[in-house]
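Report on the following structure.
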Amino acid sequence: MSSSKTPPPVTLRPPAEDEFDSWRTRAVEAFAVDMGPTRDLDPAAALLASRQDFDRLLPDGVSTENQLIWLAHHDDVQVGSLWVSTAKPTPFIYMIDVLAEQRSKGYGRSIMLAGEEECRRRGYEHLDLNVFGSNTTAVRLYDSLGYVVTSQQMRKKL
């Protein structure tokens, strides 16, 4: 998608309890795939670590204090989701996800812009995130939205 095109609009809404369970399952698996190689974990160990991270960060599920989880919809069709933590003075994006069948349509940009607007509406002036260096698609998106590198972690395999 050309960055000059207007991205398709999305609306954000919190998941219902039954929607949260399927979101969490999908999110845990997606994070394991991305995080595993970074931590030198095989797929089974990465999945276990991902589940443990989610259990720690979302002990009360969708009702966990200072955690904003939204499902993103376009024309009543779910296209992705966004998870933002407000536990620190600057909100932090833990996860943005565009469903596989909805990718390359501009929804990642739309979800980010909607999340930024929601944080702005709540009075926040900044929004932070981390991105795995191997995720060049996400890096390009964040660059195009005006995010700048504030710290950088590097690794060398010995």
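We use all heavy atoms of the structure for the numbers below, so side chains are in, but hydrogens, waters and symmetry mates are not. What you see is a predicted model, and the numbers here were worked out from it, not measured in a lab.
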Checklist entry - If you measure from the Lys or Arg side-chain nitrogens to the Asp or Glu carboxylate oxygens, is any gap between Arg39 and Asp53 under 4.0 Å? => result yes
Item to check | Main-chain N/O of Val77 paired with Asp75 side-chain donor or acceptor, under 3.5 Å | outcome: no
Item to check | Pair listing, ring-ring contact (aromatic ring centres under 6.0 Å, His included) test, anchored in residues 13-47, at least two apart | outcome: Phe20-Trp23, Trp23-Trp83
Item to check | Check: His74 side chain, Val10 main-chain N or O, donor-acceptor pair, under 3.5 Å | outcome: no
Item to check | Cluster link Ile93 to Met95, ILVMFWY, side chain under 4.5 Å | outcome: no
Next on the checklist: With a 4.5 Å cut-off on side-chain heavy-atom distances among I, L, V, M, F, W and Y, is there a chain of contacts connecting Leu71 to Ile96?
Outcome noted: no
Next on the checklist: Test side chain to side chain contact (heavy atoms under 4.5 Å, CB included) on Arg51 and Arg56; report intermediate values, then the result.
Outcome noted: CA-CA 9 Å; Arg51 281 190 189 118; Arg56 179 178 50 80; over 6 Å; no
Next on the checklist: A side-chain contact here means heavy atoms from C-beta on lying under 4.5 Å apart; do Trp70 and Pro14 qualify?
Outcome noted: yes
Checklist entry - Do Asp60 side-chain atoms and Ser63 backbone N/O form a donor-acceptor pair below 3.5 Å? => result no
Checklist outcome for this item: In short, Pro91 meets Pro89 closest at the heavy-atom pair CD-O, 3.8 Å
Could you list the donor-acceptor pairs under 3.5 angstrom formed by side chains in residues 110-126, with sequence neighbours left out?
residue : atom : partner : partner atom : Å
Ser110  : OG   : Pro8    : O            : 2.3
Ser110  : OG   : Gly106  : O            : 3.2
Glu116  : OE2  : Tyr147  : OH           : 2.9
Glu117  : OE1  : Arg120  : NH1          : 2.6
Glu118  : OE1  : Arg121  : NE           : 3.4
Glu118  : OE2  : Arg121  : NE           : 3.4
Glu118  : OE2  : Arg121  : NH2          : 2.4
Glu118  : OE2  : Arg122  : NE           : 2.9
Glu118  : OE2  : Arg122  : NH2          : 3.2

Item to check | Test applied, side-chain contact (heavy atoms from CB on, under 4.5 Å); reference residue, Thr64; option that passes from Leu58, Leu57, Ile69 | outcome: Leu58
Checklist entry - If you take all heavy atoms of Ala46 and Gly36, which pair is closest and at what distance? => result CB-CA, 3.6 Å
Checklist entry - Just by distance, do the side chain of Arg103 and the backbone of Val98 share a donor-acceptor pair under 3.5 Å? => result yes
Checklist entry - Do the non-hydrogen side-chain atoms of Glu17 and Val62 ever get within less than 4.5 Å of each other? => result yes
Checklist entry - With side chains defined as the heavy atoms from C-beta onward, is the minimum distance between Asp40 and Lys157 less than 4.5 Å? => result yes
Checklist entry - Is the closest basic N to carboxylate O distance between Glu29 and Arg24 below 4.0 Å? => result no
Next on the checklist: Main chain of Val28, side chain of Ser50: is a donor-acceptor contact present, judged purely on distance under 3.5 Å?
Outcome noted: yes
Checklist entry - Are more than 12 heavy atoms from other residues, nucleotides or ligands located less than 6.0 Å from atom CD of Glu101? => result yes
Checklist outcome for this item: On a heavy-atom basis, the closest approach of Gln78 and Leu99 is O-CD1, 3.4 Å
Checklist entry - To the nearest 0.5 Å, how far apart are OG in Ser81 and NE2 in His73? => result 10.0 Å
Please tabulate, one pair per line, all N/O donor-acceptor pairs under 3.5 Å involving side-chain atoms of residues 127-143, not counting sequence neighbours.
residue : atom : partner : partner atom : Å
Asn135  : OD1  : Ala138  : N            : 3.2

Next on the checklist: Are Leu82 and Tyr94 linked, directly or through intermediate hydrophobic residues, by side-chain heavy-atom contacts shorter than 4.5 Å (ILVMFWY only)?
Outcome noted: no
